[in-house]
Trainee: 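Sharing a structure with you now.
A note on names: the letters A, B, ... follow the listed sequences, proteins ahead of strands, and every chain is numbered from 1.
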Amino acid sequence: MLLHLRRAVIVSGIFLIMCGIVYPLIGTGLSQLVFKHQANGSLTQYGSTLIGQSWKGPMWFQGRPDGTVLTTGPGGVIVSGTNQPGPRSKSLEQSVAKVAQVLKVEGVIPTNDLVTTSGSLVDPDITPHDAYAQIKAVASARSIPAATLRRLVASQIHGKELGFMGRDYIDVLELNVALSHLQ
Amino acid sequence: MGYFWSILLVLAVLAIAWRYLGSYMAGVYEGRVTYLKWVERPIYRILSVDPEAEQTWQRYAGALIVFSAVAILVTYLLVRFQGSLPLNPQHLKGVTPALSWNTAVSFATNTNWQNYAGESTMSYLSQMAALTVQQFVSASVGIAVAIALVRGFARKGSSTIGNFWVDLVRGVLYILIPIAFISGLIFVGQGAVQTLGGPVTIHNALTGATQVIPRGPVGFMESIKELGTNGGGFFNANGSHPFENPTPLTLLLSVCLILIIPVALTYTFGQMVGNRRQGLTLLAAMAVIFGVWLGFTSYAESHPNPAVAHAHVVHQANGNMVGKEVRFGPRLTSLYNVTSTQTSTGSVAGASDSFTPMGGFGLMTGMMLGEVTPGGVGSGLYTILLFALITVFIGGLMVGRTPEYLGKKIQSKEVKLAALGVLVMPITVLVLTAIAMSIHAGRVGPGNSGPHGFSEILYAFTSQANNNGSAFAGLNGNTAFYNIAGGIAMLVGRFAIIVPCLALAGLLSAKNIVPAGLGTFKTDTPLFTGLLIGVILIVGGLTFFPAVSLGPIVEQLSHGKLF
């Protein structure tokens with residue numbers, strides 16, 4: 001038993017250094033060398049293209065309503081995935097109805113993605129359908145012709161990855177940055 | 001169409017892995033693969049282990065248990081005292097004792113149940129040196145047990161089943177590190193973060209809003225999280241977080257990583273016992289059940305969410321999007337979550353708690369079948385071998401002969417051990433769920449009321465006793481009761497199956513191999529696959545149907561009612 005214990009302690013130390021220090025550090029070094037932009041969070045001057053933000057009001061294209069339930073932790077960091085409503089929960093029905101009401105007032109036609117929160121609560125994307133549903137509202141708020149916005153949205157669609165994986169999507173941050181450049 | 005090609009791609013990768021990773025692993029554990037000898041030898045020298053000297057099953061099990069106990073202790077100390085340790089850019093405090101215990105047990109048993117949000121609880125050192133390390137070694141322990149059991153079938157008249165220290169080291173060096181390293185780089189290339197730079201604060205001049213975005217060494221943890229069927233993510237949202245699982249490509253890569261070792265082990269098994277069809281029959285049973293569950297769950301999720309439908313504000317043409325990411329949608333999310341519950345992974349690409357009642361049923365029952373389709377790394381193979389023994393026993397009863405499996409006579413002792421191994425999990429789940437339902441500390445856990453609240457508790461213990469780690473995460477598990485009870489479920493669910501498996505390995509390896517006779521029930525035929533599927537479904541169905549009917553089934557049938 002004592003021999004087992006001695007070996008267990010030593011081998012735990014070896015693995016701690018090998019898998020817990022050397023492996024992640026070499027990984028970090030290599031990532032910073034080869035994929036610096038991605039490894040640091042795909043950051044732009046307005047935020048990360050991979051982390052959703054709240055774009056309130058019809059002046060911007062809005063994403064998932066994740067901001068309505070998002071919480072932060074120590075130091076103000078975003079804490080992901082904290083909202084887990086059951087499929088028959090009253091509170092889910094109420095929050096969906098409330099978000100839809102706000103959207104309607106702004107002139108947006110509510111869509112499935114625009115009234116439901118994501119799993120991460122930082123979903124950066126919407127579908128082209130979700131963007132088209134907001135064109136009328138954004139057009140009148142910004143006095144831009146709807147046809148111009150439709151072209152803008154169409155130019156921002158990311159196709160399926162490698163032509164077949166996943167689905168078409170639009171990064172809300174990229175779309176809004178492009179929108180801000182219109183004027 | 002895209003979904004079809006995605007599935008086809010996964011199948012192609014698995015077919016290649018089955019053949020080549022399968023034979024490679026046989027080579028690793030039979031000692032024929034030696035290109036890392038220069039790392040391996042010094043480790044054995046420091047441990048004063050003679051790699052040629054083998055152990056009896058008792059010594060093998062003893063070493064495994066002592067090693068796991070030390071692993072739990074080391075993990076506990078690292079997270080408990082992370083506040084005084086380096087690599088803590090967010091200046092996070094030490095984790096509380098009850099949560100440290102739960103987390104240490106969770107990662108050392110390959111469960112990765114998480115009663116905490118990683119980005120606001122764990123320092124970088126904890127994520128790397130405590131949690132990622134366990135993701136490697138607990139996976140290697142699982143494979144070692146499966147290999148020891150396979151040796152039991154393959155050998156005759158032998159008193160030993162291998163050397164635990166050698167199996168442990170070889171699994172990490174030759175299998176886990178190389179694959180995890182290469183795929184880790186792919187995760188980062190696709191957008192997973194990998195930095196020690198701490199959180200970043202960004203002010204968006206367009207909206208005037210400021211975000212503090214947590215970062216960390218994520219990408220290379222992500223790869224071993226999937227490959228080792230661990231499932232414990234860096235972030236609270238796990239595989240639905242864009243920094244962990246940024247694209248559909250990484251989702252499919254994750255699915256492949258989760259499945260390759262459990263699937264390929266059936267080839268390893270076939271090769272080591274000298275008949276590849278024996279592995280193929282097990283794989284066929286796994287594939288049939290997996291396929292049915294995947295189809296069922298994807299179908300359920302392509303339907304509307306009942307509560308959203310009740311609000312009558314949108315048409316849910318693309319299915320249930322509550323708790324799901326736009327880049328994945330319901331079908332890819334279902335593929336990922338089904339894969340992770342049919343193995344012992346437990347990572348999620350969308351909130352399982354917000355799946356439709358029948359979608360949640362698919363995830364929960366996937367675990368209740370014992371996680372053998374194809375199950376966790378190693379644990380899937382050793383558990384389905386227990387089911388195979390029970391199947392030949394039942395087959396033997398039908399024809400009135402002493403059952404045999406792979407030329408080994410299966411007698412009363414072996415059947416008792418197999419039955420014990422199969423029954424431990426359901427007993428743990430049902431007893432702990434009953435206790436939770438009957439005391440206040442248990443009933444305050446669920447964040448949802450009605451049948452879904454019960455589902456959350458049942459799911460929690462099912463997940464922990466199966467060493468899965470996924471959750472109906474509306475449950476607040478970070479309480480003394482759930483931390484401690486969950487820790488017990490994970491320990492029992494892991495070691496009360498591993499020890500009978502190793503005992504079986506010892507018994508079987510001492511036996512002679514009798515040549516197949518006329519009356520031998522063949523175990524490499526579709527008939528055997530069918531019987532095996534039947535046994536798995538009947539054992540799971542009989543034990544869990546009453547409990548499941550109180551949760552997801554009632555919830556499904558409550559048309560028009562919200563809770």
Side-chain angles (χ1 to χ4, degrees), chain A residues 4-5 7-12 14-16 19-20 24 27-28 31 35 38-42 46-48 50-51 73-77 79-81 84-90 92-93 96-97 100 110-113 115-116 118-120 123-127 160-161 164-167 169 180, chain B residues 2 5-6 47 63 66-67 70 74 90 117 120 128-129 133 136-137 184 188-189 191 193-195 199 202 204 206 212-215 217 220 235-237 240-242 248-249 305-308 310-311 313-314 316 321-323 325-327 329 350-351 353-354 356-357 448 452 473-474 562-563:
Chain A
H4 283 333
L5 189 61
R7 285 173 175 163
V9 171
I10 297 172
V11 87
S12 292
I14 294 173
F15 283 134
L16 194 149
C19 307
T28 307
S31 304
F35 300 118
Q38 292 94 317
N40 288 323
S42 308
Y46 302 110
S48 166
L50 289 182
I51 301 296
V77 298
V79 180
S80 61
Q84 309 268 340
R88 284 191 186 279
S89 81
K90 252 187 207 131
L92 173 58
E93 184 207 16
V96 163
T111 64
N112 196 5
D113 303 319
V115 299
T116 53
S118 70
S120 62
D123 191 346
D125 306 320
I126 52 176
T127 62
K160 294 188 175 74
E161 206 173 4
F164 69 97
M165 295 177 187
R167 27 195 226 155
Y169 69 93
S180 75
Chain B
W5 289 111
S6 303
L47 295 179
V66 172
F67 172 73
V70 170
V74 172
Q90 288 159 264
S120 58
M128 286 161 43
V133 171
F136 278 100
V137 297
V188 177
V193 291
Q194 182 72 34
T195 169
I202 291 196
N204 183 345
L206 297 178
V212 186
I213 302 173
R215 301 181 299 175
F220 282 76
F235 295 100
N236 192 40
S240 65
H241 198 293
L249 188 145
N305 178 300
V308 176
H310 217 259
V313 287
V314 290
Q316 301 179 65
M321 280 302 291
V322 181
E325 307 292 299
V326 163
R327 64 191 182 283
D353 213 358
S354 303
T356 60
N448 285 277
H452 201 73
L562 299 183
F563 299 92

Trainee: How about M321(B) and V115(A): do any of their side-chain heavy atoms sit closer than 4.5 Å?
Mentor: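 Result no, sub-4.5 Å side-chain heavy-atom pair not found.
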
Trainee: Between I202(B) and Y46(A), is there a side-chain heavy-atom distance shorter than 4.5 Å?
Mentor: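 In short, these two side chains do not touch, never coming nearer than 4.5 Å.
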
Trainee: Any luck finding a side-chain donor-acceptor pair between Q84(A) and S354(B) under 3.5 Å?
Mentor: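 Checked: Q84(A)/S354(B) side chains show no N/O donor-acceptor pair below 3.5 Å.
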
Trainee: Kindly compute the distance separating CD1 (I213(B)) from OG (S48(A)), expressed to the nearest 0.5 Å.
Mentor: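 Rounded to the nearest 0.5 Å, the CD1-OG separation comes out at 5.0 Å.
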
Trainee: Do N305(B) and T116(A) touch side chain to side chain, with heavy atoms closer than 4.5 Å?
Mentor: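 No; the side chains remain at least 4.5 Å from each other.
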
Trainee: Side chain, backbone, both or neither: which part of N448(B) has an atom under 4.5 Å from a heavy atom of chain A?
Mentor: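 Only the side chain of N448(B) comes within 4.5 Å of chain A.
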
Trainee: Which answer fits A63(B), side chain, backbone, both or neither, if we ask what part of it has an atom under 4.5 Å from a heavy atom of chain A?
Mentor: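 For A63(B), heavy atoms of backbone and side chain both lie under 4.5 Å from chain A.
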
Trainee: At a 4.5 Å cut-off on heavy atoms, which part of P357(B) comes close to chain A: side chain, backbone, both, or neither?
Mentor: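 For P357(B), heavy atoms of backbone and side chain both lie under 4.5 Å from chain A.
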
Trainee: With a 4.5 angstrom heavy-atom cut-off, could you sort out which part of L562(B) is near chain A: side chain, backbone, both or neither?
Mentor: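 Both backbone and side chain.
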
Trainee: Can you tell me how far CG of D353(B) sits from OG of S89(A), rounded to the nearest 0.5 angstrom?
Mentor: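 Answer rounded to 0.5 Å: 9.0 Å.
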
Trainee: Please classify the contact between T127(A) and chain B as side chain, backbone, both or neither, with a heavy-atom cut-off of under 4.5 Å.
Mentor: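 Interface part for T127(A): both.
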
Trainee: What residues, two or more places apart in sequence or in another chain, satisfy side chain to side chain donor-acceptor pair (under 3.5 Å) together with T28(A)?
Mentor: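 Once residues adjacent in sequence are excluded, the partners of T28(A) under the side chain to side chain donor-acceptor pair (under 3.5 Å) criterion are Q194(B).
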
Trainee: I want to check something: taking the side chain as every heavy atom from C-beta on, are Q38(A) and V193(B) in contact at a cut-off of under 4.5 Å?
Mentor: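 Q38(A) does not reach V193(B) side chain to side chain.
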
Trainee: With a 4.5 Å heavy-atom cut-off, do P124(A) and P242(B) have their side chains touching?
Mentor: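 Yes; the side chains approach each other to less than 4.5 Å.
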
Trainee: Who are the side chain to side chain donor-acceptor pair (under 3.5 Å) partners of S31(A), not counting sequence neighbours?
Mentor: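 Result, side chain to side chain donor-acceptor pair (under 3.5 Å) vs S31(A): none returned.
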
